[in-house]
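Right, one structure below, let's go through it.
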Protein chains: 2
Amino acid sequence: MVATSTTSARLSVRQRGNSRPPATRFDKRLGQILAHATDVFCKKGYEGASMRDLSRASGMSLAGLYYYFQSKERLLFLIQKHTFTTIVERLKVRLEGVNDAEQRIRIFILNHLEYFLSNQAAMKVLSHEDDALKNGFALEVAAIKREYYRICVGLLDELKRERGLQFSTRIAVLSLFGMMNWIYTWHNPRVDADADELARQMSEMFLRGVMNGARTRR
Amino acid sequence: MVATSTTSARLSVRQRGNSRPPATRFDKRLGQILAHATDVFCKKGYEGASMRDLSRASGMSLAGLYYYFQSKERLLFLIQKHTFTTIVERLKVRLEGVNDAEQRIRIFILNHLEYFLSNQAAMKVLSHEDDALKNGFALEVAAIKREYYRICVGLLDELKRERGLQFSTRIAVLSLFGMMNWIYTWHNPRVDADADELARQMSEMFLRGVMNGARTRR
DNA sequence: ACTGAGTTCGAACGAACGTTCGAATGAGTC
DNA sequence: GACTCATTCGAACGTTCGTTCGAACTCAGT
């Protein structure tokens, strides 16, 4: 019944080509709910968080939430898709016009860590709940993830070709992701360095690890 | 009532000093249940797995399970504690008699990856559900984790002193854990190398990353 | 003041959750 | 066979889960 109605929830889908939708009241409120839901998912996990938790956190009634999305699973999907899309978009902008392979990898790492640390909750939900979705939802998120992965593979292959290096790109990329994504389990802003400094240290370590004796240049 | 009874569930606690308890029928059965539960937790997550799932997987009735442990949370605790204790024990044995700092780090990595890959389910539960426990349970697991972490810090500090290196031990250790623990998200036994080969590649990469220009020796 | 679409909510739905209890089995000793 | 523990189970407990429904509210345009 509701699924076939003309309720405005269905209008939240972005139009093709419109990179900036006309932030309506609906979209704004949805954004707030997504933000609160992200915090709750981060603290209690997707399965551990109840719709009543989300209701309490966002200050909206339980039933009211369902005006903005069709199901709890779809809510997680919206969060993951938005977060992942944003990080890929930012990366592409930052990579434009930079040609040196090593520098491009440094940018990749900095972009990832910067976004990770300023959106820790969202990124934890992204890293931690990556197999909580099913079927269609899972496929769509997996597609964005694969694109992001492929970009990184491309950067490393550039470096290999440019410097004539030999190593397993797959293991290098996945190790790099491991280093970066693990951060949500330990980073404490009062003790640990900020994104710039962390990115510098991890880049240094990773690049040295991947280059056979060749000096890294900064 | 049950908590104060003389039910044999209370006898499963190890006696002090007995490193090998007298594998009774009870302990055997408990072990089987833990193994099945580990698989289920791995597939569906701790919160996502229901006691009825565990019942189905272990072939024992719902009520029957409670003869072997007091609660679902305690079950997760038993799994985590056993897994973590085992990996630390094995590491200590392997490190005995090896004095070279670099070689000790290679052993650490190999031990971790070997155990990780041959007990993937258990290690995923350990990595993924590390904040699912509360209060007392969480503290006890955290204590073992801290010991394991400190061992690794010690190994890296040895290396730094022996070679006169300079880097942040904390970031190096946590990056190494990230590389290694991330494996559960990607390792495919039909495509990827085995533990020996992976450990060799990761050790090579990590050690080169941490040593300033100094050659690694194998 | 009235309309109509957009937004919110209280109350309830059936299902699934973790856990308990008392009775029924099983195995080993007299 | 009878006694004793250890083990297992069906059936139910009260609670919480995700979701739905219809009624109410808000507010811009008349």
Side-chain angles (χ1 to χ4, degrees), chain A residues 1-13 22-34 36-37 40-41 44-78 129 132-134 137, chain B residues 1-13 22-34 36-37 40-41 44-78 129 132-134 137:
Chain A
M1 197 69 100
V2 161
T4 64
S5 77
T6 57
T7 169
S8 64
R10 315 176 75 239
L11 298 178
S12 72
V13 180
T24 61
R25 192 158 106 84
F26 179 91
D27 290 302
K28 264 186 165 173
R29 197 85 178 86
L30 175 59
Q32 293 169 6
I33 294 174
L34 289 186
H36 285 118
V40 176
F41 282 155
K44 320 186 78 164
Y46 171 69
E47 300 277 2
S50 72
M51 290 300 297
R52 283 158 185 86
D53 291 330
L54 303 179
S55 161
R56 212 171 303 121
S58 59
M60 173 169 278
S61 74
L62 190 53
L65 292 175
Y66 281 86
Y67 178 68
Y68 288 93
F69 48 86
Q70 292 92 325
S71 68
K72 186 188 178 190
E73 191 184 11
R74 171 139 186 113
L75 174 62
L76 176 60
F77 169 73
L78 290 177
E129 312 290 353
L133 294 174
K134 317 205 160 190
F137 289 149
Chain B
M1 195 69 100
V2 160
T4 63
S5 78
T6 57
T7 169
S8 65
R10 316 176 73 240
L11 298 177
S12 73
V13 180
T24 61
R25 193 159 106 82
F26 179 90
D27 290 302
K28 263 187 165 173
R29 197 84 177 88
L30 175 58
Q32 293 170 6
I33 294 174
L34 289 187
H36 284 118
V40 177
F41 283 156
K44 319 186 76 162
Y46 171 69
E47 301 276 5
S50 71
M51 290 301 296
R52 283 156 185 88
D53 291 330
L54 303 179
S55 161
R56 211 171 304 122
S58 59
M60 173 169 277
S61 74
L62 192 53
L65 292 175
Y66 281 86
Y67 179 68
Y68 288 94
F69 47 86
Q70 293 90 326
S71 69
K72 188 188 177 191
E73 192 184 9
R74 171 140 185 114
L75 174 62
L76 175 60
F77 168 74
L78 290 177
E129 312 290 353
L133 295 174
K134 317 204 159 193
F137 289 150

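Since the model is a prediction, treat every value here as computed from it, not as a measurement. Convention: sequence-line order gives letters A, B, ...; per-chain numbering from 1.
Here D:dG18 presents its P atom at 13 Å from CG of A:Leu76, a figure rounded to the nearest Å. For the pair A:Lys28 NZ and C:dT7 C1', the interatomic distance rounds to 16 Å; values are reported in whole Å. In this structure, B:Glu73 places its CD atom 12 Å from C1' of C:dG18, rounding to the nearest Å. The nearest whole Å value for the distance from the CG atom in A:Leu65 to the C1' atom in D:dT19 is 11 Å. For B:Lys72 and C:dT20, the NZ to P distance is 15 Å, given to the nearest whole Å. In this structure, A:Leu30 atom CG and C:dG6 atom P are separated by 16 Å, rounded to whole Å. Note: CZ (B:Arg74) to C1' (C:dT19) measures 16 Å, nearest angstrom. Nucleotide D:dC17 holds its P atom 10 Å from the CG atom of A:Leu62, rounded to whole Å.
Shown here are the side-chain contact (heavy atoms from CB on, under 4.5 Å) partners of A:Ser61, two or more places apart in sequence or in another chain: A:Ala63. Listed by chain and residue number, B:Arg29 satisfy the side-chain contact (heavy atoms from CB on, under 4.5 Å) test with B:Gln32 (two or more places apart in sequence, or in another chain). Contacts of B:Ser50 classified as side-chain contact (heavy atoms from CB on, under 4.5 Å), with partners at least two apart in sequence or in another chain: B:Arg52, B:Asp53.
Applying a 4.0 Å cut-off to non-hydrogen atoms, the residues of residues 44-61 of chain A that approach DNA chain C are A:Arg52, A:Met60, A:Ser61, listed by residue number.
Of the listed nucleotides (C:dT8, C:dT7, D:dT19), C:dT7 has the atom at the smallest distance from the side chain of A:Phe26. With D:dT19, D:dC21, C:dT19 as the choices, the nucleotide that has an atom nearest any side-chain atom of B:Tyr66 turns out to be C:dT19.
Comparing B:Ser71 and A:Gly64 along DNA chain C, the residue whose closest nucleotide (by nearest heavy atom) sits nearer the 5' end is A:Gly64.
Atom-to-atom distance recorded for A:Met60:CE and A:Ile33:CD1 is 4.5 Å, nearest 0.5 angstrom.
Using a 30° and 60° split on the angle between ring planes, B:Phe77 and B:Phe137 fall in the parallel class, below 30°.
Put simply, the side chain of A:Phe41 reaches to within 4.5 Å of the side chain of A:Leu54, judged on heavy atoms.
Shown here for A:Ala57 and A:Val40, the closest heavy-atom pair between the two residues is CB-CG2, 3.5 Å.
Side-chain nitrogen and oxygen atoms of B:Arg25 include none within less than 4.0 Å of the OP1 or OP2 phosphate oxygen of C:dA27. Taking side-chain N and O atoms only, B:Tyr67 has a distance below 4.0 Å to OP1 or OP2 of D:dT7.
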